[in-house]
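First comes the structure, then the notes that go with it.
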Amino acid sequence: MSQIKLQPPRGTRDLIGEEFRRHHRVIKTARRISALYGFEEWATPIFEDTRVFARGLGETSDVVSKEMYEFQDRGGESVTLRPENTAGVCRALVSGGLTQSLPRKVFYAGPMFRYERPQAGRYRQFHQIGAEVLGAAEPLADAEVIACGYHIIRELGLDEGVILEVNTLGDAESRDAYRAALIAHFTAHRDKLSEDSQRRLEKNPLRIIDSKEAQDRALVAEAPTIEPFLTEKARAHWDALRRHLTTFAVPFRENPRIVRGLDYYSHTAFEFVTDRLGAQGTVMGGGRYDGLVEEMGGPPTPSVGWAAGVERLAMLMEKAGLTPAAPRLVTVIPVSDAEEGVALNLLQSLRAAGLGAEMGYRGNLKRRMERANKQGARAAIIIGETEAAAGVAQLRDLDAGTQEQVPFTALVERLKK
RNA sequence: GCGGUCGUAGCUCAGAUGGUAGAGCGCCAGGUUGUGGUCUUGGAUGUCGCGGGUUCGAGUCCCGUCGAUCGCCCCA
C-alpha cells in the first residue's frame, strides 16, 4: 500500500455521478441543437504546435503570455495543450484545404487547458463546447450562431438566469480610431487610473472600459463610446446584427463595455452572462474574427463563433435543480446458483429488448435486494426454484413494494408499459 | 503572479479559556436462512493535512509547508 495520498492535479477534477450527468447533458444537448442548425462536429487535437496559439490569440493576451501549458516533446518540438479551440479549428480548416468549400459550420466539444489559479467555475482543465461559422462575412451568420447558442441555453433550462449582451468592436479602421480616442482620453487622466488600468493603457486600452475598479468607473463613464467611430460598413453590420437577432427572437441587451480577451475579434462581440456564479459571470462568449484563418496561412476567411464553459453551464444546472436523474434499471435476481443460467438468459433478453437491466455477481436474495434498492432499480425480477420450473418470475415494483407473478414471455411487455 | 478564509471518520460538521477525540449521515452485522426501501439492536472507523517550535501536556498557541476554497488579474 502506498503511503502517498494521490489527488487529482490542481485545477482538475473527476467527473463522477451527478457531476458527470450534468456535464454530459450539456454536451449532448449542444450536439443535438447545433446539428439542427447545420453545424458539423469536428474533433481537433488536444495539443497543437505552439505557434497555432501564439500567433492566433495574440502574443500579449494573458492566455498566451502566462497561461499556456507549453512543453517540448521528445522530438524537441514546442507544443501546447489547447487553451481554446477556435485557433485549432481554423488551423484544421487550412491544413485540410477546406477553405475551398466555404462557408462551413463547425461544432466541437472537449477539454481545454489554462495554467491559472483555480476558483469557482474556473479550472486548469476545463471543457468547452463551441460553434463556428467559417467563411461568412454576413451579419446573418453572427445572428444565427448566437441564436444557436441561445437555443442550447434555453434547451438546458438556463435561459432565465442568463442574459445575452452584445456589442460591436467595429472593423479594424473603426477600432484603430476608437483606440486612439480612448488612449487620448485615459492618458489625460492617467494618474487617476487604477494601477491595473495604467498597465492596460499600454497593453490593451480597450480593456479599461471593462474595469471593475471603482476609481476607474468615473473615467470610463466619461470615455467616448465606439459608436461615433464606426465606419459606415461597421455600422451597417451592427445594425443588421441587432435586426436579425430580433427576427430570431433572441432577447439581448446592448453593453458597450464588452471587450473580448483574445486579440482576434472584430465587429460583433457577445457574452451570455449570469450573476449566479460568483466572479465567473460569463457562461458563453464569442464574436467575429475575420483575420484568424489568414493567421493560420489560409485565405481571408471572415468567421464568427462562440465557446461556452461546460463546467459553468453545469454549475447553473445544479443551482437550478436541473441535475439529470440516474437511469433506473431492472435488477434480475436468481435465488440460488441453480437459477443463474435462466436468470442470465432473461437478463440478456431484456437488454436486447432495449430495457436497462442488471444482475449482481454475488450475494443471497437479501443482499441482492439491498443492492438493487441502493442502486435505485425500479424493479426486481426474482427467480427461484419454483419460478424457474414454471417459466415465471416474481416481478417486484421497488417503488410501490408490490409484487406479482409474470411469465417470462410477458416480462418485456410488462416492463415497457 | 497577488490577497482573504479554511484543513478533525467515507461525507457534512462539533470540539470556550491548551488536559491523550465526538455527532449525524453513510458503512458492517443481527432482529427477518425466498424479499429491499421503514423500524429496531449492536459494531467498526481517525498517524485531528504535513514538518518544526512553545509546554509537564497541543486538534486547540506560534512558525513553516502543502492542499482546498473564494477573490484580484484574466477568462468559458
Side-chain angles (χ1 to χ4, degrees), chain A residues 3-13 26 57 60-67 82-86 109-130 149 162 194-197 199-200 203-204 207 210-213 258-262 270-274 277-286 305-316 331 333-336 338-339 360 363-388 393-403:
Chain A
Q3 302 286 319
I4 314 162
K5 194 174 171 189
L6 259 19
Q7 291 183 319
R10 170 163 242 198
T12 68
R13 352 179 271 153
V26 170
L57 311 191
T60 60
S61 69
D62 271 35
V63 171
V64 171
S65 56
K66 62 176 194 187
E67 295 171 3
R82 61 186 188 192
E84 55 98 60
N85 205 195
T86 303
M112 310 293 159
F113 305 84
R114 290 181 198 175
Y115 191 87
E116 298 182 271
R117 282 286 284 271
Q119 62 192 73
R122 165 186 296 178
Y123 306 95
R124 287 185 173 182
Q125 174 175 338
F126 60 107
H127 297 79
Q128 287 188 330
I129 50 175
V162 175
S194 66
E195 216 174 291
D196 281 332
S197 288
R199 189 173 44 75
R200 292 184 181 114
K203 215 172 115 182
N204 192 351
R207 277 233 88 90
D210 193 28
S211 174
K212 291 173 193 160
E213 292 285 336
I258 290 184
V259 193
R260 305 252 68 230
L262 308 177
F270 60 91
E271 294 181 353
F272 286 86
V273 297
T274 179
L277 290 183
Q280 267 58 54
T282 303
V283 108
M284 177 183 286
W306 51 255
V310 177
E311 281 78 2
R312 292 181 185 179
L313 290 169
M315 281 169 79
L316 285 178
T331 299
I333 302 178
V335 173
S336 74
E339 288 83 48
N364 58 23
L365 176 56
K366 183 180 166 69
R367 189 175 298 285
R368 285 168 186 260
M369 285 295 287
E370 281 172 354
R371 176 119 178 121
N373 187 62
K374 218 172 292 173
Q375 300 209 312
R378 53 190 261 243
I381 293 173
I382 302 158
I383 304 163
E385 192 181 350
T386 53
E387 285 84 3
Q394 297 298 330
L395 175 62
R396 185 174 183 84
D397 182 318
L398 292 178
D399 292 326
T402 56
Q403 190 166 314

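Small disclaimer: the values here were computed from a predicted structure and weren't measured. In what follows, every chain begins at residue 1, and chains take the letters A, B, ... in the order their sequences are listed.
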Taking atom P of B:C70 as reference, at what distance in whole Å does atom CZ of A:Arg10 sit?
12 Å
4.5 Å side-chain heavy-atom contact, A:Gln128 and A:Pro111:
no
side-chain contact (heavy atoms from CB on, under 4.5 Å) between A:Ile382 and A:Met369, intermediate numbers included
CA-CA 9 Å; A:Ile382 302 158; A:Met369 285 295 287; 4.1 Å; yes
Is it the case that the base of B:C74 and the side chain of A:Arg122 share a donor-acceptor contact (distance under 3.5 Å, atom types as modelled)?
yes
Given RNA chain B, 5'-ward residue of the pair A:Arg13 and A:Val283, judged by closest heavy atom:
A:Arg13
Which residue lies more 5' along RNA chain B, comparing A:Phe126 with A:Gly11 via nearest heavy atoms
A:Gly11
B:C13 and B:G31: how far apart are their C1' atoms, nearest whole angstrom?
32 Å
So what does A:Glu116 hit on the nucleic acid, given a heavy-atom distance under 4.0 Å: a base, only sugar-phosphate, or nothing?
base
chi for B:A44 classified (syn = within 90 degrees of 0, anti otherwise) as anti
Could you work out the separation of B:U60 and B:U55 based on their P atoms and round it to a whole Å?
16 Å
May I ask you to check whether A:Gln394 and A:Glu387 show a side-chain donor-acceptor distance below 3.5 Å?
yes
Taking the side chain as every heavy atom from C-beta outward, state whether A:Leu316 and A:Val162 have any atom pair closer than 4.5 Å.
yes
With side chains defined as the heavy atoms from C-beta onward, is the minimum distance between A:Glu67 and A:Phe113 less than 4.5 Å?
no
Expected string for nucleotides 29-44 of chain B under the B/S/- scheme (protein heavy atoms, under 4.0 Å, primed atoms plus P, OP1, OP2 as sugar-phosphate) is S----BBBB-------
Applying the Watson-Crick and G-U criteria (both distances under 3.5 angstrom) with [ ] for crossing and | for other-strand pairs, one obtains for RNA chain B (((((((..((((.....[..)))).(((((.......))))).....(((((..]....))))))))))))....
May I ask you to say what A:Gly130 touches in the nucleic acid, namely base, sugar-phosphate or nothing, with a heavy-atom cut-off under 4.0 Å?
nothing
What's the closest nucleotide to the side chain of A:Thr282 if the choices are B:G71, B:A76, B:C74?
B:A76
Rounded distance in Å between the C1' positions of B:G22 and B:A44
15 Å
Please measure how far the C1' atom in B:G30 lies from the corresponding atom in B:G52, and state the result in whole Å.
49 Å
Taking atom P in both B:U8 and B:C61, what distance in whole Å separates the two?
15 Å
Integer angstrom distance from the C1' of B:G18 to that of B:C62
13 Å
Taking OP1 and OP2 of B:G1, is either one under 4.0 Å from a side-chain nitrogen or oxygen of A:Arg117?
no
Take atom CD of A:Gln119 and atom C1' of B:C72, then tell me their distance rounded to the nearest Å.
8 Å
Checking salt bridge (charged side-chain N to carboxylate O under 4.0 Å, His left out) for the pair A:Arg124/A:Glu116: CA distance, chi angles, key distance, verdict?
CA-CA 6 Å; A:Arg124 287 185 173 182; A:Glu116 298 182 271; over 6 Å; no
Protein-nucleotide distance (A:Met284, atom CE; B:A76, atom P), rounded to Å
12 Å
Rounded to whole angstrom, note down the C1' distance from B:C73 over to B:G1.
9 Å
Heavy-atom side-chain proximity of A:Arg117 to A:Arg122 below 4.5 angstrom
no
Please give the distance between the P atoms of B:A9 and B:U5 as a whole number of Å.
23 Å
Between A:Arg312 (side chain) and A:Gly121 (backbone), is there a donor-acceptor pair under 3.5 Å?
yes
Mind checking A:Tyr123 for me? I need base, sugar-phosphate or nothing, with any heavy atom below 4.0 Å counting as a touch.
base
Between A:Gln125 and A:Thr12, is any side-chain donor less than 3.5 angstrom from a side-chain acceptor?
no
Quick check: do A:His127 and A:Glu311 have side-chain heavy atoms less than 4.5 Å from each other?
yes
